[in-house]
Amino acid sequence: MQTATTLEVLRSAVDALRQGGKRLALVPTMGALHEGHLALVREARKHADAVAASIFVNPKQFGPNEDLDAYPRTFAEDCRLLEAEGVELVWAPGVAAMYPDGFATNVSVAGVSEGLCGAARPGHFDGVATVVLKLFNQVRPDVAVFGEKDWQQLAVIRRMARDLDLSAPHVDAIVGVPTVREGDGLALSSRNRYLSPEGRARAAALPQAMREGIDALLAGSAVAPTLAAIEAHLLQAGFDSIDYVSLVDATSLEPAETLGDAPARLLVAARIGGTRLIDNMGVTTQGPARL
Ligand code: PAF
């Protein structure tokens with residue numbers, strides 16, 4: 001496995017991997033890798049001859065009072081895990097390589113960026129779109145793989161790829177991978193490391209409350225009281241605050257007032273002991289929802 005920290009090294013490594021018309025997949029990450037990331041790598045392998053993973057904790061997607069400094073950085077262990085998965089290339093630029101002095105460009109995707117995490121974390125999706133477009137231009141992958149855990153992020157990236165007519169990767173080659181969960185249902189996240197043992201135990205209420213809410217919706221309960229019941233369940237289970245509990249159209253992310261034929265998605269962001277957890281699940285009578 002080769003590690004590139006400069007664009008020059010990255011470009012020659014990418015050229016070598018592509019020789020003979022080979023296909024390259026990219027798995028963008030911020031490191032602190034867990035089984036959820038490894039599921040992305042395994043999916044990437046199905047779509048390409050070679051897999052590159054990027055590791056870059058992107059300062060532009062953190063707000064001034066967020067956890068940029070505390071964000072776990074486990075580079076040596078990340079590389080060990082990626083190498084064990086047979087990843088061919090790690091792209092690990094420093095902040096100065098990604099955002100050299102004078103960097104002045106911001107990529108902003110309206111609409112799908114605006115509600116939910118976009119409302120709770122102003123500027124977050126501009127930071128994500130900017131770095132992901134840069135990563136796409138740097139690596140020029142045939143395929144890029146992201147977790148459905150960040151459902152809104154995936155919608156933003158697909159919107160950007162469609163709107164900007166990207167070809168590397170094309171919007172149809174942006175692959176979403178279902179969320180990997182712990183035994184008690186908690187979605188894997190690098191931020192789960194922040195939870196105290198007590199907080200971790202309480203966090204299991206998040207997928208439980210969501211599943212109960214989905215069952216209630218599918219059994220005919222009205223949307224607004226069901227969302228309120230999920231919120232009450234979480235507060236009662238020891239969550240400190242709720243950013244949102246929303247039922248949305250799975251593709252447009254517009255609020256869904258009722259459960260219709262179009263796939264809907266339940267999205268939640270809630271805080272426990274200072275840790276912000278997000279999760280989402282499909283709500284559909286028509287089979288699994290896909291962005
Ligand atoms: O999902 C993430 O880890 C990040 O938001 C991403 C896509 C790597 C951009 O920094």
Side-chain angles (χ1 to χ4, degrees), residues 4 10 25-41 43-44 51-63 66-75 77-79 81-82 87 89-95 97-99 103 105-109 112-113 116-118 120-139 141 143-161 166 168-169 171 173-180 187-194 267 269 275-280 291:
L10 176 75
L26 173 66
V27 179
T29 83
M30 296 206 300
L33 302 184
H34 49 66
E35 271 299 317
H37 295 106
L38 303 185
L40 306 185
V41 169
E43 182 67 27
V51 177
S54 61
I55 299 179
F56 179 66
V57 182
N58 174 33
K60 288 199 184 292
Q61 68 188 77
F62 289 79
E66 293 186 349
D67 57 342
L68 173 61
D69 292 338
Y71 199 83
R73 287 158 172 89
T74 56
F75 187 70
E77 174 64 4
D78 293 344
C79 288
L81 291 169
L82 293 172
V87 165
L89 174 63
V90 173
W91 169 222
V95 174
M98 187 61 88
Y99 300 120
F103 185 89
T105 299
N106 184 51
V107 180
S108 190
V109 180
V112 285
S113 277
L116 307 165
C117 284
R121 303 181 67 190
H124 169 67
F125 286 119
D126 285 13
V128 170
T130 303
V131 82
V132 169
L133 185 57
K134 281 188 64 102
L135 290 167
F136 285 174
N137 284 332
Q138 290 161 346
V139 179
V143 178
V145 182
F146 295 87
E148 288 185 355
K149 157 98 179 1
D150 295 293
W151 189 264
Q152 188 177 14
Q153 168 172 283
L154 189 51
V156 169
I157 292 165
R158 287 205 167 119
R159 184 76 259 167
M160 172 182 76
L166 297 192
V171 62
I174 295 175
V175 176
V177 174
T179 302
V180 179
L188 295 193
S189 164
S190 304
R191 289 188 168 96
N192 291 354
R193 298 170 201 226
Y194 298 153
L267 283 86
T275 303
R276 185 174 186 274
L277 298 178
I278 60 170
D279 201 350
N280 70 86
L291 263 176

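Just so you know, ligand 1 is whichever comes first in the structure, and atom 1 is the first atom listed for that ligand.
Within the listing of ligand 1, atoms 9 (C), 10 (O) sit less than 4.0 angstrom from a heavy atom of V131. Interface of P28 with ligand 1, defined as ligand atoms under 4.0 Å from a residue heavy atom, comprises 8 (C).
By the 4.0 Å N-to-carboxylate-O rule, R191 lies close enough to D67 to be salt-bridged with it.
With a 4.0 Å cut-off on non-hydrogen atoms, T29 touches ligand 1 through its backbone and not its side chain.
Residues meeting the salt bridge (Lys or Arg N to Asp or Glu O under 4.0 Å) test with D279, sequence neighbours left out: R181.
N58 and Y99 share a side-chain donor-acceptor pair at under 3.5 Å.
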Please lay out, stage by stage, how M30 and F56 fare under the test side chain to side chain contact (heavy atoms under 4.5 Å, CB included). CA-CA 5 Å; M30 296 206 300; F56 179 66; over 6 Å; no

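No donor-acceptor distance shorter than 3.5 angstrom exists from the side chain of D78 to the backbone of G31, with no hydrogens or angles considered.
Of all protein heavy atoms, the one closest to atom 5 (O) of ligand 1 is Q153 OE1, 2.7 Å. The single protein non-hydrogen atom nearest to atom 9 (C) of ligand 1 is Q61 OE1, 3.3 Å, given as residue, atom name and distance.
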